[in-house]
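In this text, all values refer to a predicted model and were calculated from it rather than measured experimentally. Counting starts at 1 for both ligands and their atoms, in listed order. Nothing fancy with the numbering, it's 1 onward along the sequence.
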Amino acid sequence: MADVYTYVIGESIYVNLTNRCNNNCHFCIRNHNDGIEGYHLWLKKEPSVKVLKNELKDCAKYKETVFCGFGEPLFRLDDMLEVAAFVKDKGGKTRVNTNGQAEIITGRKDTAKRMKGLIDTVNISLNGVDAQDYVNECRPEAGALAYYSMIEFAKSCVSVIPNVVLSVVDVIGEEKIEHAKKIAESIGAKLRIRKYI
Ligand code: SF4
């Protein structure tokens, strides 16, 4: 079976950059599925920037090019930004769906600034209303530090990225959703409640 590097769902095209991730979320689709909407997303080999540019030649005809596959895109930040620049040159819009642990993954504090002008929307999985809750839900390799790293990254995005969204899955319960709304408001981000799949 050939690797799937880009795939179309609805009006958007998605980029499957990597299977690497430093979380092990209870609700991760990878725990019970090999892909989404019939696309098999486990990779034998990560795609090169050249291959991705070739597959994204027509990206402008889609609503968005979304860096969101079966792993955490920030593990390939440099490559992601190069592909995002290509998409913007073609007149497309870009979004990254991330766990937000930018500093832990890249070792740098400037990820949001580097995304400026290249990424239109950052969607950060909040999925915990405090550090302990996040650790329970997402089982991050970095422990509680992961939660604080994610929140700091979200704050750093708000002044440089046009659209910053925190997301939670709908199964966490009303009380936590209300708490998540307050966190998003305090940061200046939107909150998206997404369906658990
Ligand atoms: S951060 Fe995303 S890819 Fe990683 S384990 Fe959680 S849901 Fe899965």
**Prompt:** Can you tell me how far CZ of R76 sits from CD1 of I105, rounded to the nearest 0.5 angstrom?
**Reply:** 14.0 Å

**Fill in**
Nearest heavy-atom approach of Y14 to R95 is OH-NH2, 3.8 Å

**Item:** Environment of atom 8 (Fe) of ligand 1 in terms of protein N/O/S atoms, cut-off under 2.8 Å
**Value:** C28 SG

**Reported CZ-to-CD1 distance for the pair R114 and I119, which is rounded to 0.5 angstrom** = 11.5 Å

**Prompt:** Can a protein heavy atom be found under 4.0 Å away from atom 2 (Fe) of ligand 1?
**Reply:** no

**Prompt:** Salt bridge check: are E64 and K93 linked by an N-O gap of less than 4.0 Å?
**Reply:** no

**Asked** OG1/T121 to CG/N97 distance, rounded to the nearest 0.5 angstrom?
**Response** 9.5 Å

**Complete:** Value for CG (L81) from NZ (K116), rounded to nearest 0.5 Å, stands at 14.5 Å

